[in-house]
J.: 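If you scroll down you'll find the structure; I have some questions about it.
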Amino acid sequence: LDGINDILKAFKKSTKPFGGVQVIAAGDFFQLPPVYKEVPIDNKRFAWQAESWREANFQTCYLQKKYRQDEQELIDVLDAIRENNITQDTHKFLNSRINATLPSGIEPTRLYTHNINVDAINQKKLNELESQSKFFTSSSTGKQKDIERIFASFMVSDNLELKIGAVVMFIKNNNEKGYLNGTTGKIIAFNKKENFPVVKTQSGMEIVAENDTWTLEDDDGKEIASVSQVPLKLAWAITVHKSQGMTLDAARIDLTKT
């Protein structure tokens, strides 16, 4: 940040903070600090510790409304963890979910910290199903390195094996068709016309999972690569990392290797 400040001052020929350029900083300093192999000079890790931050005299605006959760008890617990202000009530609330009983018909997504656990469980559960496998192969456009970036950034699979009875998760948002990134359900059929999987969600909706497209754009907003595939992933288990940003109906969390 100090480097940006110095460069802008030089180019703008101005002693004002950031050369007089209006700067908006957005972020969350409650998240984990940057990781360094060696501790920085003066142990400074965060942007707000920079000289330029003090010099700019930023006006702070806090975003107050929470959109992902609406249960106040859960919100209070999340805030307590965020602020490192854990109370007995926090422990009591979290412990109340140990081996909790879920409504019948809901199979919770299992969250693990390591891919090896996730892959083993999903493959084991899929192999246990006696129904016939259907295979779906992705199609793509663009340079191979850009296509690989799409596979690395999203949960889309190059080759996807599915069966009737498989627990799956949608991995993209599509309000028109009624699913979100994280909507879970079971495959109940493959439609006759295109052989696409039909998913019955936890809410009871039946959705035909037709091909969707993931794209990669350059700095000018021009599409440079795309991948088309059925927007599903086996969801008996997923990693905690991949679950970020999802809205899961229910989850069983294993944190033994955290």
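Computed from a prediction, not measured in an experiment: that's the story for all the values here.
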J.: Counting only heavy atoms not in I116, do more than 12 sit closer than 6.0 Å to its CD1 atom?
T.: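 No, because the 6.0 Å sphere around CD1 of I116 holds 12 heavy atoms or fewer from other groups.
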
J.: Between atom CD1 of I253 and atom CD1 of I98, what is the distance when rounded to the nearest 0.5 Å?
T.: 11.5 Å

J.: Would you mind reporting whether F151 and V227 have side-chain heavy atoms less than 4.5 Å apart?
T.: yes

J.: Take a 6.0 Å sphere around CD of Q88 and say whether it holds more than 12 heavy atoms from other residues, nucleotides or ligands.
T.: no

J.: Transitively linked via ILVMFWY side-chain contacts under 4.5 Å: I188 with F136?
T.: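 Yes.
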
J.: In sequence, state the C-alpha distance, the side-chain angles, and the governing distance for E148 and K145, and then conclude on salt bridge (charged side-chain N to carboxylate O under 4.0 Å, His left out).
T.: CA-CA 5 Å; E148 289 174 359; K145 66 173 185 178; over 6 Å; no

J.: Are D89 and T87 linked by a side-chain donor-acceptor pair shorter than 3.5 Å?
T.: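 Looking only at side-chain atoms, T87 and D89 do not form any donor-acceptor pair under 3.5 Å.
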
J.: Nearest 0.5 angstrom please: I150 CD1 to S228 OG, how far?
T.: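 With rounding to 0.5 Å, CD1 (I150) is 10.5 Å from OG (S228).
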
J.: Taking only residues at least two apart or on different chains, which pairs with a member in residues 167-204 satisfy ring pair (Phe, Tyr, Trp, His ring centres under 6.0 Å)?
T.: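 As it turns out, the ring pair (Phe, Tyr, Trp, His ring centres under 6.0 Å) pairs with a partner in residues 167-204, which skip direct neighbours, are F170-Y179.
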
J.: Which pair of non-hydrogen atoms, one from T141 and one from I147, has the smallest distance, and what is that distance?
T.: O-CG1, 3.6 Å

J.: Does CD belonging to Q132 count more than 12 external heavy atoms closer than 6.0 Å?
T.: no

J.: Could you work out the complete set of other residues in the hydrophobic cluster of L63, with links drawn between I, L, V, M, F, W and Y side chains under 4.5 Å apart?
T.: none

J.: Can you tell me how far CG of N181 sits from CE of M169, rounded to the nearest 0.5 angstrom?
T.: 8.0 Å

J.: Linking I/L/V/M/F/W/Y whenever their side-chain heavy atoms sit closer than 4.5 Å, directly or via other members, would F135 and L162 fall into one cluster?
T.: no

J.: Of all the heavy-atom pairs spanning K163 and L129, show the shortest one and how long it is.
T.: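 Residues K163 and L129, closest heavy atoms: NZ-O, 3.0 Å.
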
J.: Under the salt bridge (charged side-chain N to carboxylate O under 4.0 Å, His left out) test, which residues partner K233, sequence neighbours left out?
T.: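 Scan of K233 (salt bridge (charged side-chain N to carboxylate O under 4.0 Å, His left out), adjacent residues dropped) gives none.
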
J.: Taking salt bridge (charged side-chain N to carboxylate O under 4.0 Å, His left out) as the test, write out the residues that go with R252, two or more places apart.
T.: none

J.: Could you grab the distance from atom CG of D146 to atom CD of E217, nearest 0.5 Å is fine?
T.: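 Going from the CG atom of D146 to the CD atom of E217 covers 12.0 Å.
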
J.: Judged by atom type as modelled, is there a donor-acceptor pair below 3.5 Å linking the side chain of N174 to the main-chain atoms of E176?
T.: yes

J.: Any pair with a residue in residues 111-121 that passes salt bridge (charged side-chain N to carboxylate O under 4.0 Å, His left out), sequence neighbours left out, goes on the list, sorted by first then second residue, please.
T.: none

J.: Are any of the side-chain heavy atoms of P197 and L232 separated by less than 4.5 Å?
T.: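 A side-chain contact under 4.5 Å exists here.
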
J.: Donor-acceptor pairs under 3.5 angstrom involving side-chain atoms of residues 8-30: please list them, not counting sequence neighbours.
T.:
from, atom 1, to, atom 2, distance (Å)
K9, NZ, E55, OE1, 3.3
K9, NZ, E55, OE2, 2.7
S14, OG, K16, N, 3.1
D28, OD1, F30, N, 2.9
D28, OD1, R82, NH1, 3.4
D28, OD1, R82, NH2, 3.2
D28, OD2, R82, NH1, 3.1

J.: Are T239 and Y112 packed together at the side-chain level, in the sense that at least one heavy-atom pair is separated by less than 4.5 angstrom?
T.: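 Answer no - side chains too far apart.
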
J.: Quick one: closest heavy-atom pair of A80 and T90, and the distance?
T.: CB-OG1, 3.9 Å

J.: Side chain of N122, backbone of A237: donor and acceptor closer than 3.5 Å?
T.: yes

J.: In residues 205-215, what donor-acceptor pairs under 3.5 Å come from side-chain atoms, sequence neighbours left out?
T.:
from, atom 1, to, atom 2, distance (Å)
E210, OE1, K177, NZ, 2.8
N211, OD1, V230, N, 3.3
D212, OD1, K172, NZ, 3.3

J.: For residues 189-198, pull every pair meeting salt bridge (charged side-chain N to carboxylate O under 4.0 Å, His left out), keeping only residues two or more places apart or in separate chains.
T.: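 For residues 189-198: none.
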
J.: Rounded to the nearest 0.5 Å, what separation is found between the CD atom of E161 and the CD atom of Q123?
T.: 6.0 Å

J.: Is any side-chain heavy atom of V167 closer than 4.5 Å to a side-chain heavy atom of L234?
T.: no

J.: Starting from Y67 and following side-chain heavy-atom contacts under 4.5 Å between hydrophobic residues (I, L, V, M, F, W, Y), which residues can be reached?
T.: none

J.: Using every non-hydrogen atom in the two residues, find where A235 and V168 come nearest and quote the distance to one decimal.
T.: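 The pair with the smallest heavy-atom distance is CB-C, 3.5 Å.
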
J.: Answer yes if L111 and I171 sit in the same cluster of Ile, Leu, Val, Met, Phe, Trp and Tyr residues linked by side chain heavy atoms under 4.5 Å apart, and no otherwise.
T.: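 Yes; tracing contacts between hydrophobic side chains, which count when under 4.5 Å, links both residues.
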
J.: Give me the one residue out of F58, W48, F46 that meets ring pair (Phe, Tyr, Trp, His ring centres under 6.0 Å) with W53.
T.: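 Answer to the ring pair (Phe, Tyr, Trp, His ring centres under 6.0 Å) test with W53 among F58, W48, F46: F58.
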
J.: Taking all heavy atoms of D158 and all of S138, pick out the closest pair and write down the distance.
T.: OD1-OG, 2.7 Å

J.: Is it true that atom NE2 of H91 has more than 12 heavy atoms of other residues, nucleotides or ligands lying nearer than 6.0 Å?
T.: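 It does: H91 NE2 has more than 12 such atoms within range.
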
J.: To the nearest 0.5 angstrom, please state how far the OG1 atom of T258 sits from the NE2 atom of H114.
T.: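 Answer rounded to 0.5 Å: 8.5 Å.
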
J.: Mind running side chain to side chain contact (heavy atoms under 4.5 Å, CB included) on I4 and D2 for me, showing each step along the way?
T.: CA-CA 5 Å; I4 294 170; D2 284 340; over 6 Å; no

J.: Do W236 and L102 sit in the same hydrophobic cluster, where Ile, Leu, Val, Met, Phe, Trp and Tyr count as joined when their side-chain heavy atoms come under 4.5 Å apart?
T.: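 No, no single cluster joins them.
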
J.: Would you mind listing every salt bridge (charged side-chain N to carboxylate O under 4.0 Å, His left out) that reaches into residues 122-137, with sequence neighbours excluded?
T.: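 Residue pairs passing salt bridge (charged side-chain N to carboxylate O under 4.0 Å, His left out), neighbours aside: K124-E128.
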
J.: Which other residues belong to the hydrophobic cluster containing F93, where Ile, Leu, Val, Met, Phe, Trp and Tyr are joined when side-chain heavy atoms lie under 4.5 Å apart, directly or via other members?
T.: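 Under the 4.5 Å side-chain rule, F93 groups with L74, V77, L78, I81, I86, L94.
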
J.: Does F154 belong to the same Ile/Leu/Val/Met/Phe/Trp/Tyr cluster as I238, with side-chain heavy atoms less than 4.5 Å apart forming each link?
T.: yes

J.: Which Ile, Leu, Val, Met, Phe, Trp or Tyr residues join L180 in one cluster when any pair of side-chain heavy atoms under 4.5 Å counts as a link?
T.: none

